[in-house]
Structures are given as C-alpha cells and as structure tokens.
Amino acid sequence: KELIEQPILSIKDLFTEANYPLHGSLSKNWMLPTALGTLRPTCLAPETMINGDLSTHNRNRCYLLVGFSKFVDFYPELAADNLRALGYNTKAVTLDVPSLRSRHFVTGRVLAESFDRYELISEISELLRPHLSGVDVIGFPAVLGIRHPLQVKSKFEQVLGCPIFEIPTLPPSIPGIRMQQIFLKAIENNGGRVTEGMQVTGAQFKDRKISQVFSEAAARYKSHSAKCFVLASGGFLGGGFISNSHGYAQDTAMSLGLHLPVDHLDWFDKEFLSSSGHPVFKAGFPVNSKFQPLENDDLLFDNLYLTATSLPGYDPLQERSLEGVALVSGFSIAKYVAQSHTH
C-alpha cells in the first residue's frame with residue numbers, strides 16, 4: 001500500500017503547488033462522466049471535474065450539459081441521453097455563441113485560450129440563463145482555460161449560482177496540456193531538459209550498460225548521454241511497439257523483443273468491444289523488482305528501467321489503470337535511481 005500511497009501524495013503536492021489541485025484517495029473512486037455519457041471510475045481528478053461526481057448519492061441532482069454549436073468534439077445531447085439511460089437526471093443544451101460564428105474552426109485550444117482571457121464567460125452565462133430552471137450542476141467540455149481554469153470555473157459559479165464541472169473530450173486534451181505544462185515546469189525547475197518531437201531510434205551499449213541513445217535529427221542522428229535511461233514507450237497505441245505478420249513484436253527505441261501472452265493469431269478478440277479486452281494489450285517486457293528488463297531471467301541492462309505500457313501482464317484499457325501504473329512505477333524508478341546514485 002505504501003508503494004502506491006507515496007506517489008499519490010507526491011503528485012497531489014506537486015499539483016497543489018501549481019494551483020491545479022488533484023482530489024481523491026485510495027479509499028474511494030470518483031465516478032466521473034465521459035464525453036459519451038458513460039462513467040469512469042477515477043482515483044484522482046482535477047478540482048475542475050469533481051463537481052461532476054456521479055456516485056450513487058448524487059442521483060437526485062439535475063445536471064445540465066453544455067456544448068457549443070461549432071465545437072464538434074463534444075455533443076452534450078449524446079452524453080445526456082446515455083446518462084439518462086443510466087438513471088441520472090440530465091439535460092443538454094448546445095449554445096450558438098455569437099462571438100464564435102465568424103471562426104472557421106472552433107477547437108478546444110481556441111475555446112481554452114478565449115476562456116483564459118475571460119472573453120466568453122459573460123456571453124455564455126447570458127445564453128445559459130433561460131436553461132437553468134431546476135438545474136443543480138452544470139457540465140462543460142474541458143476547455144475552461146489552460147492557464148486559469150480554477151478562476152474561470154469560479155467566475156462561472158459566481159455568475160450562474162451553481163457548481164460547475166468539466167468533462168474531458170477528444171484529444172488534444174486541454175486538461176492533458178495543463179498537466180503536461182506542470183510536469184515540464186517541475187522537470188526544468190529541478191535541472192532537467194525536455195526535448196519534444198524527436199524519435200529515439202537506437203542505443204549504444206557495452207557490457208549490459210547503455211551509454212547513449214540516438215534520436216532522429218534533420219540530417220543526422222543526435223546522441224543523448226546519461227547514467228540511466230527509462231523506457232516509457234506508449235505501447236502499440238502510442239506507436240512505441242511495432243510488429244510483423246509473423247508475430248514478432250518489439251519496441252521502436254531499443255529494439256527489445258516483446259513478451260506476448262498468446263500466439264499472434266489470438267492477439268485480438270473477435271469482438272471489437274470485447275468485455276474481456278484484447279490480449280495484445282497485455283504485451284510488455286519481463287522486469288525484476290527494480291523495473292529493469294529481463295531476458296530468460298537474466299538482466300539485460302544495468303541502467304535501463306521500464307514503466308507504463310512497457311510493463312507486461314496488465315491491460316491498461318480494460319483496467320483503466322495506465323496513469324496509475326505509470327505514476328507508481330515511474331516514482332519507484334526515480335526513487336531507486338536517486339538512492340543508488342546518492343550512495
């Protein structure tokens with residue numbers, strides 16, 4: 001239990017300091033609505049989302065889901081219909097916002113930047129007033145600003161007189177961008193450097209020790225040296241794993257051969273939305289207790305560690321555990337590496 005509690009407390013402290021608090025504990029999940037109107041059990045959730053908790057004791061509340069006519073990444077009527085089928089008192093409205101009519105594209109980023117400048121709050125509030133009769137809570141797509149979401153949420157609540165919450169939509173995720181910026185700032189404040197958009201294509205190693213990895217550059221490969229390396233590949237869906245028609249699969253960075261739980265003919269269930277998931281998503285690399293990769297029980301590299309979807313034997317899609325596994329394994333690796341280099 002301590003292995004899980006410590007990283008959770010650490011990330012909560014980090015996000016509180018960044019003024020984007022995460023709420024929750026290991027004792028109980030939030031039940032948060034998705035953009036499809038299903039329920040997602042969640043251990044930790046940003047403060048902008050927790051008013052949307054659909055736990056049993058909240059069934060008597062009336063929820064109003066709000067969309068925008070030119071924003072095609074969230075359909076409030078669809079979400080409301082599915083939530084009503086689950087027994088929740090839910091209404092929906094799609095607002096035609098005059099100041100957005102002239103825009104060719106209304107993306108989550110466009111809306112979030114407008115909310116950061118507080119431009120749309122008064123206009124949207126006036127459009128919402130005729131729809132508030134009997135409403136207890138209002139749900140928006142998760143676009144209420146990138147830099148100031150808590151302030152935007154607070155301003156809406158003051159004007160409309162009821163709690164507000166966000167519902168995550170299709171990528172690119174605005175809450176994801178907020179969280180990424182917090183992580184990047186924390187890394188840089190602790191002396192780290194982040195390089196984006198450079199695919200790692202190989203490594204140089206000798207005697208079970210990696211000395212550097214190589215990434216693609218404009219006209220050559222660029223080398224990156226370090227004492228230790230962590231592989232967080234993104235798996236098949238993230239483009240970190242590749243396979244061929246003969247059933248061989250490997251990661252794209254280190255060319256390590258994947259451990260797959262079944263023959264390649266059985267990687268996928270016949271039902272696309274199978275309740276038992278697809279075995280291929282349990283692929284990964286065997287590791288020891290320090291998350292170092294093994295081959296036939298022998299250590300492959302002394303200074304390589306694996307996290308998130310690189311780990312075998314669990315299905316992050318079925319379990320909805322990807323972020324939790326990434327957090328706990330990443331925290332454990334960092335703690336071990338820091339202690340080993342201190343001593």
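For the numbers below, each heavy atom of this structure counts, side chains included, while hydrogens, waters and symmetry mates do not.
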Peer 1: Can you confirm whether more than 12 heavy atoms, excluding those of Lys282, are under 6.0 Å from its NZ atom?
Peer 2: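 Incorrect, the count does not exceed 12.
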Peer 1: Under a 4.5 Å cut-off applied to non-hydrogen side-chain atoms, are Ser332 and Leu3 in contact?
Peer 2: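 Result yes, sub-4.5 Å side-chain heavy-atom pair found.
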Peer 1: Keeping Asp53 on the side-chain end and Trp30 on the backbone end, is there a donor-acceptor pair under 3.5 Å?
Peer 2: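 Side chain of Asp53 to backbone of Trp30: no pair is present.
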Peer 1: Should we count CZ of Arg193 as having more than 12 external heavy atoms under 6.0 Å?
Peer 2: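 Count not over threshold, so no.
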Peer 1: Check Ser243 against Ala249 and note the closest heavy-atom contact, atom names and distance.
Peer 2: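 Where Ser243 meets Ala249 most closely, the heavy atoms are CB-CB, 3.8 Å.
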Peer 1: Would you call the rings of Phe71 and Phe68 parallel, tilted or perpendicular, where under 30° means parallel and over 60° means perpendicular?
Peer 2: tilted
Peer 1: Under a 4.0 Å threshold between the charged nitrogen and the carboxylate oxygen, would Asp302 count as salt-bridged to Arg208?
Peer 2: yes
Peer 1: Are Glu216 and Thr201 linked by a side-chain donor-acceptor pair shorter than 3.5 Å?
Peer 2: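 The answer is no; no qualifying pair exists.
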Peer 1: Do the side chain of Thr94 and the main chain of Gly67 share a donor and acceptor less than 3.5 angstrom apart?
Peer 2: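 The answer is no, because no donor-acceptor pair under 3.5 Å joins these two groups.
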Peer 1: Measuring from Leu258:CG to Tyr248:OH, what's the distance to the nearest 0.5 Å?
Peer 2: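 Going from the CG atom of Leu258 to the OH atom of Tyr248 covers 8.0 Å.
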Peer 1: Determine, step by step, whether Gln158 and Ser154 satisfy the side chain to side chain donor-acceptor pair (under 3.5 Å) criterion, reporting the C-alpha distance in whole Å, the side-chain angles of both residues, the deciding distance to 0.1 Å, and the verdict.
Peer 2: CA-CA 6 Å; Gln158 291 171 15; Ser154 178; 3.3 Å; yes
Peer 1: Check the pair His224 / Val200 against side-chain contact (heavy atoms from CB on, under 4.5 Å), numbers first and verdict last.
Peer 2: CA-CA 10 Å; His224 309 267; Val200 174; 5.7 Å; no
Peer 1: Can you name the nearest heavy-atom pair linking Leu65 to Phe165, along with the distance?
Peer 2: CD2-CZ, 4.0 Å
Peer 1: Do you know the tightest heavy-atom contact between Asp315 and Ser321?
Peer 2: O-OG, 4.4 Å
Peer 1: Calculate, to the nearest 0.5 Å, the distance between atoms CD and OG1 belonging to Glu113 and Thr107 respectively.
Peer 2: 7.5 Å
Peer 1: Hey, does the side chain of Asp116 reach the backbone of Arg147 with a donor-acceptor pair shorter than 3.5 angstrom?
Peer 2: yes
Peer 1: Ignoring hydrogens and angles, tell me if any N or O in the side chain of Lys70 forms a donor-acceptor pair with the backbone of Val97 under 3.5 Å.
Peer 2: no
Peer 1: Which value, rounded to the nearest 0.5 Å, describes the distance between Leu299 atom CG and Gln292 atom CD?
Peer 2: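 Rounded to the nearest 0.5 Å, the CG-CD separation comes to 5.0 Å.
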Peer 1: Treating Asp269 as the side-chain partner and Phe272 as the backbone partner, does any N or O pair qualify as donor plus acceptor under 3.5 Å?
Peer 2: no
Peer 1: Mind listing the closest non-hydrogen atom pair of Gln181 and Ile146 along with its distance?
Peer 2: OE1-CG2, 3.7 Å
Peer 1: To the nearest 0.5 Å, what is the distance between CG on Asn82 and OG1 on Thr34?
Peer 2: 8.0 Å
Peer 1: So, do Phe140 and Phe156 have ring centers that fall under 6.0 Å from each other?
Peer 2: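 Yes, close enough.
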Peer 1: Please round to the nearest 0.5 Å and tell me the distance separating atom NZ of Lys155 and atom OG of Ser125.
Peer 2: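 The OG atom of Ser125 is 11.0 Å from NZ of Lys155, to the nearest 0.5 Å.
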Peer 1: Please check if the number of heavy atoms outside Asn288 that lie under 6.0 Å from its CG is greater than 12.
Peer 2: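 Yes, CG of Asn288 has more than 12 neighbouring heavy atoms, counting only those of other groups under 6.0 Å.
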Peer 1: Are Asp96 and Arg101 close enough, and set up right, to give a side-chain contact (heavy atoms from CB on, under 4.5 Å), and what steps lead you there?
Peer 2: CA-CA 8 Å; Asp96 180 15; Arg101 291 173 187 164; 3.2 Å; yes
Peer 1: Would you call the rings of Phe268 and Phe281 parallel, tilted or perpendicular, taking 30° and 60° as the class edges?
Peer 2: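 Taking Phe281 first and then Phe268, their aromatic rings stand perpendicular (interplane angle over 60°).
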Peer 1: Side chains of Tyr63 and Leu83: does their closest heavy-atom pair fall under 4.5 Å?
Peer 2: no
Peer 1: What distance do Leu144 atom CG and Ser114 atom OG have between them, rounded to the nearest 0.5 Å?
Peer 2: 11.5 Å
Peer 1: So, for Phe285 and Phe241, is the gap between ring centers shorter than 6.0 Å?
Peer 2: yes
Peer 1: With a 6.0 Å cut-off (strictly less than), is the heavy-atom count around CZ of Phe331, excluding the residue itself, greater than 12?
Peer 2: yes
Peer 1: Can you give me the closest heavy-atom contact between Met49 and Pro168, atom names plus distance?
Peer 2: CE-CG, 3.7 Å
Peer 1: Do Glu123 and Pro98 touch side chain to side chain, with heavy atoms closer than 4.5 Å?
Peer 2: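 They are in side-chain contact.
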Peer 1: When you measure from the side chain of Ser10 to the backbone N and O of Gln6, does any donor-acceptor pair fall under 3.5 Å?
Peer 2: no
Peer 1: Are Asn60 and Asn89 close enough, and set up right, to give a side-chain contact (heavy atoms from CB on, under 4.5 Å), and what steps lead you there?
Peer 2: CA-CA 7 Å; Asn60 295 327; Asn89 182 11; over 6 Å; no
Peer 1: Flag yes if Leu327 and Val325 sit in one hydrophobic cluster, no otherwise; membership is Ile, Leu, Val, Met, Phe, Trp, Tyr, and two members link when side-chain heavy atoms are under 4.5 Å apart.
Peer 2: no
Peer 1: Run Glu47 and His23 through side-chain contact (heavy atoms from CB on, under 4.5 Å) and show every step you take.
Peer 2: CA-CA 6 Å; Glu47 188 167 313; His23 297 275; 2.9 Å; yes
Peer 1: Do Pro46 and Leu22 touch side chain to side chain, with heavy atoms closer than 4.5 Å?
Peer 2: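 Touching, per the 4.5 Å side-chain cut-off.
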Peer 1: Distance-only, no hydrogens or angles: does the Asp251 side chain make a donor-acceptor pair with backbone N or O of Met254 under 3.5 Å?
Peer 2: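 Yes; judged by distance alone, with no hydrogens or angles, the pair exists.
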Peer 1: So do the side chains of Thr309 and Ser233 get within less than 4.5 Å of each other, counting heavy atoms only?
Peer 2: yes
Peer 1: Find out whether Asn19 and Gln151 are in side-chain contact, i.e. whether some heavy atom of one side chain is under 4.5 Å from a heavy atom of the other.
Peer 2: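 The answer is yes, as the side chains (C-beta and beyond) meet within the 4.5 Å cut-off.
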Peer 1: Check whether the ring centres of Phe15 and Phe183 lie less than 6.0 Å apart, and answer yes or no.
Peer 2: yes
Peer 1: Can you tell if the side chain of Lys222 reaches within under 4.5 Å of the side chain of Met198, non-hydrogen atoms only?
Peer 2: yes
Peer 1: Side chains of Leu36 and Leu78, heavy atoms from C-beta outward: is any pair under 4.5 Å?
Peer 2: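 Result yes, sub-4.5 Å side-chain heavy-atom pair found.
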Peer 1: Looking at every heavy atom in both Leu32 and Ala45, which two are closest together, and how far apart are they?
Peer 2: CD1-CB, 3.6 Å
